[in-house]
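What you see below is based on every heavy atom in this structure, not just the backbone, and it leaves out hydrogens, waters and symmetry mates.
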Amino acid sequence: MTITDAFLALSARTGRFTFGAPRAYTFAEGGTRLLLLRSTGPEDPVDRLHLLDTATGEERLVADPAALLPGRTGHRDDLPVLERRLRERTRLVAAGIGGYAATADLAVAVFTLDGRLFRTETATGSSDELPTAGPAFDPRPDATGQRVAYVAEDALYVTPGLAPLSPADGARWGVAEFAAAEELGRSRGHWWRPDGTALLAARVDESALPRRHFADPAHPGEAPEDFAYPQAGGPNADVQLWVLGLDGGRVRLRWDADRFPYLRAASWAGDREVLLTVADRLQQNVLLLSADPATGETSELSRTTDEFWVDDLPGTPDRLPDGRLLTVHDTPQARGLALDGKPLDTTGLQIRRVVGRLRGRLLCETGHGDPADQYVHLIDPDGGAPELLTPGPGVHSALAAAGTLLLTSASADGIRRRVLRDGHELPLTDLSAALPHPVRPQLARVTDRGLPSAVVYPREHVPGRRLPVLLDVYGGPGFQAVAAEPRRWQLRQWWADQGFAVVTTDNRGTPFVSPDFTRAIFRRFSKAALDDQVDALHALAARHPDLDLGRVGVRGWSYGGYFAALAVLRRPDVFHAACAGAPPTDFRLYDTAYTERYLGLPRDNPEGYAGDCLLTDAPGLTRPLLLIHGLADDNVHPSHTLLLSQALTRAGRPHAVLPLPGVTHMTPGGTSEQLAQAELSFLRDALG
């Protein structure tokens with residue numbers, strides 16, 4: 001076996017070096033205990049549930065899928081497509097316990113295995129299987145842990161009992177609709193009232209939506225499947241919120257859903273109030289509402305507006321325990337926070353997420369200086385200067401409860417996880433595989449736009465030897481490619497070791513540089529992305545004379561796949577070959593919440609949609625192009641690639657197509673590593 005093959009095989013066996021690492025943390029309210037998931041080692045994908053005493057450091061196994069389902073992995077793939085998609089986004093399709101929910105004191109945890117529902121007493125580690133009305137999804141315990149709510153076959157149930165709590169009215173109950181789960185950051189659809197007497201539940205009517213069809217040859221014995229998809233310019237799901245009492249009472253929460261159709265978040269604020277966040281269709285106005293669960297009446301607490309769109313800042317809007325309202329406060333150059341409309345002192349910081357509260361202050365993940373780094377700061381709600389908790393470069397993240405803090409720090413030296421409590425530091429056990437080699441990308445901010453960029457050379461590179469360039473790209477909203485997180489550079493180093501100088505650039509439209517940087521794509525995706533990537537290549541070549549701009553390949557997935565195809569279609573003078581994975585080729589066929597946030601409605605911006613569509617560019621293809629698509633992709637439907645391939649064929653333009661049976665949009669199970677060999681062969685042939 002060659003070194004090349006050994007790395008790809010190791011990456012696949014270790015889940016890209018994540019198996020055995022702790023994840024999915026939940027603190028008890030007082031911070032004295034921590035639940036987490038972890039497998040037994042670097043090549044074991046089966047996650048087990050563990051409980052850590054943060055005072056003593058004692059850790060116990062509390063639920064083991066091998067004991068609950070002997071001989072089984074705990075994996076299930078015959079749930080409806082949206083439920084599979086939600087599980088996939090949170091690793092719930094992983095073998096073992098993909099996810100769980102627990103009571104506030106962590107005394108009881110619930111989870112599903114093979115669609116079967118289990119309840120675990122964490123003090124004793126005893127688990128019981130609970131009867132369900134069908135394959136269970138998203139179980140949630142009440143405050144006592146005695147009742148469990150779950151979804152089965154589009155209905156909401158509460159154990160004990162097999163009668164649905166929700167009415168049988170043709171809608172889907174207790175789940176997040178596609179737009180919420182995929183684009184709005186809300187992956188759940190039911191919430192227990194603190195006193196356990198009722199559930200707040202989403203009712204989702206998708207009857208007006210077009211259907212998308214799947215017949216995946218990887219599962220020839222299964223019936224074809226379809227699901228409702230909200231297509232740009234078309235109808236959205238009708239989403240309502242209801243309070244369903246265990247005594248049979250039903251109250252609908254009412255807001256102006258015609259003007260504010262998107263439900264971004266919902267939660268109970270005590271037994272007598274619900275807080276919900278709603279947005280208008282173009283997401284230029286976001287409201288925090290207070291709802292009376294007894295009457296269903298709502299009142300506006302805060303309103304955030306933006307002439308472009310209100311970019312999501314996790315943790316906002318919110319109401320603090322003292323009643324003050326926390327909202328995002330953006331300027332052209334910085335993301336900040338405001339309390340009751342008054343900006344807080346976050347000078348020099350880019351607020352990325354409000355994690356929670358610690359010692360009376362706001363615990364925030366932040367940018368400070370180089371966008372590749374992420375820090376953790378405490379922000380004083382009363383106006384004091386921010387306090388840095390994580391010195392040193394890297395990507396730092398946090399979780400806290402009471403006075404206990406969990407910090408995760410990823411840098412070129414590896415990943416470190418530690419619990420800080422009462423002046424003591426407790427490391428978390430990590431059984432994941434060590435990264436094969438340190439990768440130190442050469443980072444730079446280039447052009448007058450300060451584009452974050454990186455170059456990775458072969459480990460055995462001899463200066464003066466010219467190298468073909470591989471642009472490894474994403475380039476779309478919501479994802480930062482150039483970050484000081486060591487795992488994401490491993491595959492890029494593999495590509496470099498095949499004889500490429502690997503270049504990665506975050507063009508305008510990507511997050512974490514500034515609001516102005518992100519909003520440069522307003523009403524047009526392709527122009528800023530293409531201009532920036534081309535300009536960055538030339539700027540980097542001026543700094544790195546070994547980059548051979550006469551041989552430039554580009555590869556990417558999803559929006560990166562869109563860009564890869566765009567690059568060879570519109571700038572063949574710069575890009576000489578492309579591997580385009582799961583590309584959205586016509587955004588008129590993509591979903592509402594994502595596409596309309598940036599491009600507006602198709603009827604209002606026909607020029608923007610036409611300008612970003614790849615189909616009309618097909619006759620101009622002059623460079624080698626490999627189109628790759630998973631046939632089970634339920635985000636960017638395979639029809640996107642089919643339409644572009646048909647347009648290329650009609651125009652007589654040669655190209656290659658690689659269909660992937662059984663592969664979804666998230667390319668699970670190491671599929672991207674397996675694809676690398678096929679892409680490598682294509683690029684070597686294309687670039688010489």
_D532 and R449 ion-paired at < 4.0 Å_ = yes

_One thing to verify: whether D546 and R465 come together as a salt bridge, which I'm taking to mean a side-chain N less than 4.0 angstrom from a carboxylate O._
no

Taking the side chain as every heavy atom from C-beta outward, state whether [X] and [Y] have any atom pair closer than 4.5 Å.
X: Q231; Y: R588; value: no
X: L470; Y: R555; value: yes
X: L683; Y: F500; value: yes
X: V554; Y: V473; value: yes

*Take T592 and N236 through the test side-chain hydrogen bond (donor to acceptor under 3.5 Å, both in side chains) and record every step on the way to the result.*
CA-CA 7 Å; T592 54; N236 271 308; 2.6 Å; yes

*Give a yes or no on whether R466 atom CZ has more than 12 heavy-atom contacts from other residues, nucleotides or ligands under 6.0 Å away.*
yes

*asked:* Tell me if the NE2 atom of H368 is crowded by more than 12 foreign heavy atoms within 6.0 Å.
replied: no

_Sequence-distant partners of N605, side chain to side chain donor-acceptor pair (under 3.5 Å), two or more places apart_ = none

_Using the side chain to side chain donor-acceptor pair (under 3.5 Å) criterion, which residues pair with Y594? Sequence neighbours excluded._
none

Expected output: side-chain [X] to main-chain [Y] donor-acceptor under 3.5 Å:
X: S409; Y: H396; value: no
X: S39; Y: G20; value: yes
X: H437; Y: L435; value: no
X: H576; Y: V552; value: yes

Can a donor-acceptor pair be found between the side chains of [X] and [Y] at a distance below 3.5 Å?
X: Q480; Y: D506; result: no
X: Q350; Y: R335; result: no
X: W495; Y: D497; result: no
X: D516; Y: S514; result: no

*Relative to the ring of F7, is the ring of W494 parallel (under 30°), tilted (30 to 60°) or perpendicular (over 60°)?*
parallel

*asked:* Using 30° and 60° as the class boundaries, would you call the ring planes of F587 and Y559 parallel, tilted or perpendicular?
replied: tilted

*Cation-pi, Y229 ring and R211 (6.0 angstrom, 45 degrees)*: no

*Relative to W489, does R492 satisfy both conditions: NZ or CZ under 6.0 angstrom from the six-membered ring centre, and within 45 degrees of the ring's axis?*
yes

*Which residues satisfy the side-chain contact (heavy atoms from CB on, under 4.5 Å) test with T616, sequence neighbours excluded?*
none

*asked:* Assess the residue pair Y590 and N635 against the criterion (side-chain hydrogen bond (donor to acceptor under 3.5 Å, both in side chains)); give the C-alpha distance rounded to whole Å, side-chain angles, the decisive distance to 0.1 Å, and a yes or no.
replied: CA-CA 8 Å; Y590 202 56; N635 180 348; 2.7 Å; yes

*How about H640 and Y562: are their ring centres within less than 6.0 Å of each other?*
no

